[in-house]
Amino acid sequence: MKSPSLSVRLLGTLLLFPSLTVMAQAKGDVPPKALVQANAEFVCFFMSEVAGQPKPKDCEKDAAAELTQVYPSLGAEQRQQLADIQDHWPKFQKEWQALDELQKAALRAQWAAMLQEQEAQQGLGGSEAPPPEP
């Protein structure tokens, strides 16, 4: 990939999303539709790629609804992170299409490791081995 730092930057912003779900909702501040759409596409793409599964049917709709709900409570830095995704998402999509499958697999593994590390730091598990089967 020509700019691996772009995928790392975008993924870093993705790690913001779990914290969004615990924020209180404020009233009246509506995010721009283009920002919501780009971020919903971004979240669903990355989660699908990391999971190695097709994205769920209503993934983008659900992500957009969640972001719209929490957006009013976000600070300036978090809003800037979302704006950065909106700005970089189209370029990333083009770069992703230009990668071969080996490059994509390497990035998926890197993203999965980053997410697992983040989950462990947040105390969400993710780094523990599954329980043994009976």
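This is a predicted model, so every value here is computed, not measured.
Listed by chain and number, the residues in a side chain to side chain donor-acceptor pair (under 3.5 Å) with Glu49 are Arg108 (sequence neighbours excluded). Evaluation of the salt bridge (charged side-chain N to carboxylate O under 4.0 Å, His left out) rule for Lys61 yields no partner, not counting sequence neighbours.
A donor-acceptor contact closer than 3.5 angstrom links the side chains of Gln121 and Glu117. For Gln97 and Gln93, the side-chain atoms include no donor-acceptor pair closer than 3.5 Å.
A parallel orientation is assigned to the rings of Phe92 and Trp89, their planes being inclined by less than 30° (bins at 30° and 60°).
With a 4.5 Å cut-off on side-chain heavy atoms, Lys55 and Phe45 do not count as touching. You'll find the side chain of Asp29 reaches within 4.5 Å of the side chain of Tyr71, heavy atoms only. No side-chain heavy atom of Met47 sits less than 4.5 Å from a side-chain heavy atom of Gln53.
To the nearest 0.5 Å, the span separating CZ on Arg79 from CG on Asp84 amounts to 14.5 Å. A distance of 12.5 Å separates CG of Leu74 from CD of Gln80, quoted to the nearest 0.5 Å. Expressed to the nearest 0.5 Å, how far CD1 of Ile85 lies from CG of Leu35 amounts to 8.5 Å. One distance of note links CG of Leu115 with CZ of Phe46; it measures 9.5 Å at 0.5 Å rounding. Note that the CG atom of Asp62 and the NZ atom of Lys57 stand 11.0 Å from one another [nearest 0.5 Å].
With hydrogens and angles ignored, the 3.5 Å screen pairs a side-chain donor or acceptor of Gln103 with a backbone N or O of Asp100.
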- Begin with the C-alpha distance, continue with both residues' side-chain angles, and end with the deciding distance and a verdict on side-chain contact (heavy atoms from CB on, under 4.5 Å) for Gln86 and Gln37. CA-CA 8 Å; Gln86 181 183 0; Gln37 182 62 35; over 6 Å; no

- Taking it one step at a time, do Leu67 and Leu82 satisfy side-chain contact (heavy atoms from CB on, under 4.5 Å)? CA-CA 10 Å; Leu67 178 58; Leu82 297 174; 3.5 Å; yes

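In terms of heavy-atom proximity, Ala40 sits nearest to Ala64 at CB-N, 3.8 Å.
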